[in-house]
Amino acid sequence: MPKSPNMGKNLTTRSEDYSKWYNELVVKADLAENSAVRGCMVIKPYGYAIWEKMQAELDRMFKETGHENAYFPLFVPKSLFEAEEKNAEGFAKECAVVTHYRLQNDPDNPGKLRVDPAAKLEEELVVRPTSEAIIWNTYKGWIQSYRDLPLLINQWANVVRWEMRTRLFLRTAEFLWQEGHTAHATKAEALEEAQLMNRVYAEFAENFLAMPVIQGTKTESERFAGADETYCIEALMQDGKALQAGTSHFLGQNFAKAFDVKFTNNQGKQDFVWATSWGVSTRLMGALIMTHSDDNGLVLPPNLAPHQVVIVPIYKGQEQLEAISQVANEIVKDLRMRGISVKYDNRDTHKPGWKFNEYELKGVPLRIGIGPKDLEKRTVELARRDTLTKEFVAKDEVVDRVALLLQEIQEALYTKAKNFRDSHITTVNTFDEFKEVLENKTGFISAHWDGTSETEDKIKELTKATIRCIPMDAEQEEGTCVYSGKPSPQRVLFAKAY
RNA sequence: CGGGUAGUAGCUUAGUCCGGUUAAAGUGCUGGUCUGGGGGACCAGAGAUCGGAGGUUCGAAUCCUCUCUACCCGACCA
């Protein structure tokens, strides 16, 4: 039985210090660590395996909706970058810039290198913070006719945003993501694309991350620079702070005009194309961690767990291990036939108790323990990570039971997160209530807003809360702004955010 | 990028204020024996030029200067 609340794993608990809990968990569960470069992380194999599972599913969904993958350069010539003014302005403060292309031995410091002052680039290269510029410059050459449209392309890439304050997965100077960039003949089609991809994100978040999200649109001040409309999925973390988990932008004709991407329509007339872009990043790893994990470590939904099941033998001596391994290997084989990923940990270098803690820390959804008593009774011990409950199951029934439980866990995690989220959406009608809920209860606050940036800014200044989104499914409801008292047609969601 | 705090063995830390033998502990690591149903016990051993670079001094983990990194608070941001 547990000796300490988190069974000696020595994790800071969420109630002690949520932020510290997160930082420790990422490192201790072997997901990622800081590197020698400020703000840049090393994603470790276990963390990368989860990311690969996210990628695989998203990639499948993108392809099912007609998209193809391509790859564009890391560097963007400054002249291209600045072409779409609003976008350039939005990212300017956080761009890394390549100015030289050669190093040389430093004559003043033997054994050291310096930048060769003679190797200055004619034109500086911006390390992409996002790829609209290089992509639209390329699309110009690909699109002449409405027959070339729609152009539906995605790329998996890294991007760099020189962040001042970074956190593993949540905000790093370099991160991995996918960015979809599409071109369409009509405004309606581009709008539909942007909304479709936001729905794809929502579906992915709910079915794979087991993370409930609110779909909505961003206000002008939260909108992507260069977009006419930004759709988003917003999730709520266990500490009551909101996290933007994905965005999809309707770019209008802004980039088409900036990069002169015209096509001839079926009436023989020239027009600018309509564009979208959409992305999710390794930030989803942070969302995943903060949605489900507990004081014992990571809790992974079965649909994303690198190992859905781990088998731990409990034995004295080689003879017992061999007898147990025989049973374990049968189970491994049967589980794999059912498409369930399983790891048999027969290492003799760690004791069972140590392994239990290790796999709990790493969030493996189900653990099977097999010992001599189980051999006698032809049973196994089955332990659930999410509830920390155990049961004994007949060996012959274990595969069916595991399959069922994995499904159940996936659903239970979603339900638990959804209950938490739903119970943390509070409707308020006065600014005092607003502040009180934000301070004590936290979470989303549903309130009327007069639609102006001034009010939004003022509320942010006073409370640190921002408008996370105008929910898609919001009812039209006449009311008065919670801050200014001016008329408002519907409620929006406020929260403190990551 | 501004304000604050901290960097000592793989990790967590003591020592720093007040400079002085061989830099200490827990954990982890290696070997061995006993063990084995929730991070085992005992014995033995290896492991740090004290974040880095300069400086002061007979002598620096300790004092001074610069710098790098992490964390917290702001501004900024997915």
- Message: Using the C1' atom as the point on both nucleotides, what is the distance between B:U13 and B:C50, in whole Å?
- Response: 13 Å

- Message: Below the 4.0 Å mark, does B:C72 have OP1 or OP2 next to a side-chain nitrogen or oxygen of A:Ser19?
- Response: yes

- Message: When both hydrogen-bonding distances must be under 3.5 Å and the geometry is Watson-Crick or G-U wobble, what is B:U65 paired with, if anything?
- Response: B:A53

- Task: Can you tell me the pairing partner of B:C58 across any strand shown, Watson-Crick or G-U wobble, with both distances under 3.5 angstrom?
- Result: B:G20

- Item | Gap between atoms CZ and C1', on A:Arg283 and B:A78 respectively (whole Å) | 4 Å

- How close or far is atom P of B:G37 from atom OH of A:Tyr315, stated in whole angstroms? 11 Å

- Ignoring hydrogens and angles, does a donor from either the side chain of A:Glu360 or the base of B:G38 sit under 3.5 Å from an acceptor on the other? yes

- Message: With rounding to the closest Å, how many angstrom separate the P atoms on B:A61 and B:U22?
- Response: 12 Å

- Message: Return whichever of A:Thr247 or A:Gly371 has its heavy-atom-nearest nucleotide of RNA chain B closer to the 5' end.
- Response: A:Gly371

- Message: Determine whether a donor-acceptor pair (one donor, one acceptor, N or O, separation below 3.5 Å) exists between the side chain of A:Lys351 and the base of B:G40.
- Response: yes

- Contact class for A:Gln244 vs. all strands (heavy atom < 4.0 Å): base, sugar-phosphate, or nothing? sugar-phosphate

- Could you measure between the two C1' atoms, the one in B:U69 and the one in B:A23, and give it in whole Å? 24 Å

- A:Lys390 side chain near B:G38 phosphate (N/O to OP1/OP2, under 4.0 Å): no

- Message: Taking only the P atom of each, what is the distance from B:U8 to B:C71 in whole angstrom?
- Response: 15 Å

- Atom CG of A:Asp239 and atom OH of A:Tyr18: how far apart are they, to the nearest 0.5 Å? 4.5 Å

- Query: So what does A:Thr172 touch, heavy atoms closer than 4.0 Å: a base, only the sugar-phosphate, or nothing?
  - Reply: base

- On RNA chain B, more 5' by nearest nucleotide between A:Ser281 and A:Asp17 is A:Asp17

- Task: Provide the Watson-Crick or G-U wobble partner of B:G36, both distances under 3.5 Å; none if there is no partner.
- Result: none

- Message: For B:C71 and A:Arg167 - does any side-chain N or O of the residue sit under 4.0 Å from the phosphate oxygens OP1/OP2?
- Response: no

- Please tell me which of the listed nucleotides, B:A78, B:G37, B:G74, lies nearest to the side chain of A:Arg161? B:A78

- So which nucleotide from B:C72, B:C76, B:G37 ends up closest to the side chain of A:Asn23? B:C72

- Value in whole Å for how far the C1' atom of B:G38 lies from CZ of A:Arg385: 13 Å

- Quantified in whole Å, what is the C1' atom distance between nucleotide B:G10 and nucleotide B:C73? 32 Å

- Mind telling me whether A:His249 and A:Phe224 have parallel, tilted or perpendicular rings, with 30° and 60° as the class edges? parallel

- Item | B:U30 versus B:A70 - spacing of their C1' atoms, nearest Å | 31 Å

- Note on the structure: Atom NZ of A:Lys218 and atom P of B:A78 are separated, to the nearest Å, by 9 Å

- Query: Donor-acceptor pair under 3.5 Å: do we get one between A:Lys316's side chain and the base of B:U35?
  - Reply: no

- Message: Using whole Å, what does the distance between atom P of nucleotide B:G37 and atom CZ of A:Phe356 come to?
- Response: 8 Å

- Item | A:Glu132 side chain to A:Ser277 side chain, donor-acceptor N/O pair below 3.5 angstrom | yes

- Answer with base, sugar-phosphate or nothing: what part of the nucleic acid does A:Leu170 contact at a heavy-atom distance below 4.0 Å? base

- Item | C1' atoms of B:G45 and B:A9, separation to the nearest Å | 15 Å

- Task: State, without any angle test, whether A:Arg199 and A:Gln215 hold a side-chain donor-acceptor pair at a distance under 3.5 Å.
- Result: no

- Looking at every strand, decide which applies to A:Gly39 at a 4.0 Å heavy-atom threshold: base, sugar-phosphate, or nothing. sugar-phosphate

- Do A:Phe434 and A:Phe431 have their ring centres less than 6.0 Å from each other? yes

- Query: How many Å lie between CZ on A:Arg38 and P on B:C1, as a whole number?
  - Reply: 6 Å

- Item | Residues A:Tyr231 and A:Gln195: side-chain donor-acceptor under 3.5 angstrom | yes

- Task: Indicate, with a heavy-atom threshold strictly under 4.0 Å, whether A:Phe175 touches base, sugar-phosphate, or nothing.
- Result: base

- Task: Let me know the distance between CG of A:Asp348 and P of B:G32, rounded to the nearest Å.
- Result: 12 Å

- Determine the contact category for A:Glu381: base if any of its heavy atoms lies under 4.0 Å from a base atom, sugar-phosphate if only primed atoms, P, OP1 or OP2 are that close, otherwise nothing. base

- Message: If you only use heavy atoms from C-beta on, which nucleotide in B:G38, B:A70, B:G37 is closest to the side chain of A:Pro372?
- Response: B:G37

- Task: Indicate whether the side chain of A:Trp278 and that of A:Thr276 have a donor and an acceptor atom separated by less than 3.5 Å.
- Result: yes

- Note on the structure: Whole-Å distance, A:Glu24 CD to B:U12 C1', equals 10 Å

- Note on the structure: Re B:C1: Watson-Crick or G-U wobble partner, both distances kept under 3.5 Å, found to be B:G74

- Message: Return the pairing partner of B:U27 with a 3.5 Å limit on both distances, Watson-Crick or G-U wobble; otherwise return none.
- Response: B:G10

- Item | Nearest-angstrom distance, P atom, B:C17 to B:C63 | 5 Å

- Would you tell me whether A:Asn69 and A:Asp59 have side-chain atoms, one donor and one acceptor, within less than 3.5 Å of each other? yes

- Message: Applying a 4.0 Å non-hydrogen cut-off, can you work out what A:Lys20 is touching in the nucleic acid: base, sugar-phosphate, or nothing?
- Response: nothing

